[in-house]
Protein chains: 2
Amino acid sequence: MYTETAMLGLDVPLRASERAYRQLRGEILNGLLAPGAALLEVEQAERIGVSRTPLREAVARLIADGLVVGRRGRGFEVTDISVDSISELYELRQALEVQAIRLAATRREPAPFLKLRDAFVTAPELLDQGDIGVHRYYVLIDELEDAVDAAVENPFLVGALRAVRTHLARIRRLARRNPMRLRAAASEHLLIIDAIIAGDPSLAAHATHIHLHQSLLSVLATIDEDSATGVNPALVD
Amino acid sequence: MYTETAMLGLDVPLRASERAYRQLRGEILNGLLAPGAALLEVEQAERIGVSRTPLREAVARLIADGLVVGRRGRGFEVTDISVDSISELYELRQALEVQAIRLAATRREPAPFLKLRDAFVTAPELLDQGDIGVHRYYVLIDELEDAVDAAVENPFLVGALRAVRTHLARIRRLARRNPMRLRAAASEHLLIIDAIIAGDPSLAAHATHIHLHQSLLSVLATIDEDSATGVNPALVD
DNA sequence: GATCGCTATTGTGTATACAGAAACCGCAAT
DNA sequence: ATTGCGGTTTCTGTATACACAATAGCGATC
């Protein structure tokens with residue numbers, strides 16, 4: 001077992017380009033670098049503590065991720081998020097997740113989903129426990145996504161899903177948390193899990209379709225409210 | 001109209017990194033750089049005539065495209081294509097194209113598809129005209145894809161589709177051309193176009209599903225034959 | 001007072017130099 | 001003969017220096 005270092009987080013000193021990439025990516029996802037923010041090479045390189053060469057590599061990866069766009073001539077800037085782009089992202093998300101869930105239900109390996117089922121059954125109780133409970137609920141969702149990814153066994157599809165989730169993370173920051181919605185979402189997830197366990201691809205697909213439909217409605221609704229009350233100046237469009 | 005230079009191909013001298021990217025990408029797609037081929041920085045930089053810095057940027061983009069993978073320590077190599085990966089790619093392709101076609105049919109702007117319809121009606125005649133006709137048929141397919149992309153109006157979805165098409169281009173090189181299949185494919189395309197024109201998303205989606213199903217069967221069949229007769233040593237797995 | 005042009009500054013694009021790490025080869029020892 | 005060890009070499013990762021392009025600011029002219 002000589003891969004033990006890979007199991008742990010990060011014993012190995014990361015390459016400078018990797019550090020720069022993770023830091024910038026993290027700062028964009030959590031909103032520290034707001035949409036539209038300008039990225040100057042020298043400035044960012046100094047701030048992060050790497051030279052321009054690895055920083056450029058990091059920015060190139062961010063551009064490939066769609067988190068950053070190059071401005072003609074004058075540096076780069078963080079991609080901004082419009083309401084339109086949220087609906088567009090969900091059009092892609094729906095295609096990918098429906099396919100992924102359908103395949104997961106087809107594979108007929110219910111073991112990991114049986115454990116998740118137990119967890120999601122008790123999710124409503126979790127959501128009564130305040131912020132810490134909500135956080136543990138999100139961890140549960142991550143585990144569900146991981147289980148689906150593992151069941152799908154398709155690097156192309158999983159890769160595309162990961163890209164979508166990256167953008168979703170930014171959107172979730174804009175949409176206020178709605179406890180009612182989370183409770184409803186939990187039961188929608190439970191239905192999806194049950195369909196996977198039952199090996200019913202069609203049911204799983206339709207349940208996913210509905211779940212994402214409700215999710216988008218909820219996101220758009222909270223954003224509409226907030227933009228009406230001026231809470232989210234980030235969303236002009 | 002000061003964007004006229006953008007309309008033409010390439011008046012502006014391209015950046016070295018862009019040149020390197022396009023050249024390497026092209027060579028990978030047309031098989032000149034075979035799957036598994038090693039890419040050494042210095043060697044490739046000299047060959048293309050750029051220095052290592054822009055070449056590294058180009059390779060980084062190729063890695064993001066999934067055309068190249070980094071080998072631990074010793075350079076990079078061109079991603080290889082397995083039969084499994086073809087089926088996996090089609091699982092993703094199906095999700096994306098079905099969604100794209102469905103959306104295109106929903107948008108209800110039949111104008112560009114009416115022109116394409118005429119072209120596809122005469123496609124069988126085209127396919128009787130040998131290699132030049134086959135080439136023009138492929139151009140037609142490109143135009144159909146472009147029309148769908150334009151109708152969909154969704155950068156996320158179109159971006160994911162482009163990534164898939166990149167990998168498809170490599171696979172097409174492996175699958176021998178089958179005139180019978182092309183003729184069948186043309187009529188499948190016609191059905192899809194008609195469904196879009198009719199504004200029938202469900203019909204369009206199902207027609208696409210079937211088209212891709214047949215396409216995958218055809219690809220896998222020709223590859224099986226070839227690997228049995230040893231024509232395609234690239235496909236070991 | 002406004003507009004045009006020049007210049008200075010700033011920032012990117014590229015090349016190259018240097019350091020560190022990993023693989024290869026040869027040698028020796030078991 | 002095989003395996004382990006060390007030197008050597010080659011390649012990557014990073015920093016830095018230089019050249020070119022673009023922009024902004026300022027001044028001059030109309």
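Model, not experiment: these values are computed from the prediction. So that the names make sense, note that chain A is the first sequence line, chain B the second, and so on, each numbered from 1.
Of the listed nucleotides (C:dA15, D:dA15, C:dT12), D:dA15 has the atom at the smallest distance from the side chain of A:Ser51. Side-chain proximity of B:Arg52 to D:dT12, C:dG13, C:dA15: nearest is D:dT12. Here the nucleotide nearest the side chain of B:Val42, chosen from D:dC11, C:dT16, C:dG11, is D:dC11. Nearest to the side-chain atoms of B:Pro54 among the listed nucleotides C:dG13, C:dA15, D:dT16 stands C:dA15.
Counting to the nearest Å, the P atom of D:dG13 and the OH atom of A:Tyr21 are 17 Å from each other. The separation between B:Glu43 atom CD and D:dC11 atom P is 8 Å, rounded to whole Å. Look at CG on B:Leu55: it is 15 Å from C1' on C:dT16, rounded to the nearest Å. One interatomic measurement links the two molecules: CZ of A:Arg19 to C1' of D:dT14, which rounds to 11 Å at whole-angstrom precision. In this entry the distance linking CD of A:Glu41 with P of D:dC20 reads 18 Å, nearest Å. In this structure, B:Glu46 places its CD atom 13 Å from P of D:dT10, rounding to the nearest Å. As a whole-Å value, the separation of A:Gln44 CD from C:dG11 C1' is 14 Å. A:Glu77 places its CD atom 16 Å from the C1' atom of C:dG11, with the value rounded to the nearest Å.
Between B:Tyr137 and B:His189, the ring planes lie tilted relative to each other; the angle falls in the 30° to 60° range.
The side chain of B:Ser17 places no N or O atom within less than 4.0 Å of a non-bridging phosphate oxygen (OP1 or OP2) of C:dG13. The shortest distance between the side-chain N/O atoms of A:Arg56 and the OP1/OP2 oxygens of C:dT12 is not below 4.0 Å.
With ring centers used as reference points, B:Tyr90 lies 6.0 Å or more from B:His213.
Inspection of the A:Thr208 and A:Arg102 side chains reveals no N or O donor paired with an N or O acceptor under 3.5 Å.
Projected onto DNA chain D by closest heavy-atom contact, B:Leu40 and A:Thr53 fall at different nucleotides, the more 5' of which corresponds to B:Leu40.
With a 6.0 Å radius and a threshold of 12 heavy atoms from other residues, nucleotides or ligands, B:Glu43 has its CD atom above the threshold.
With B:Asn154 contributing its side chain and A:Glu88 its backbone, the two residues share a donor-acceptor pair below 3.5 Å.
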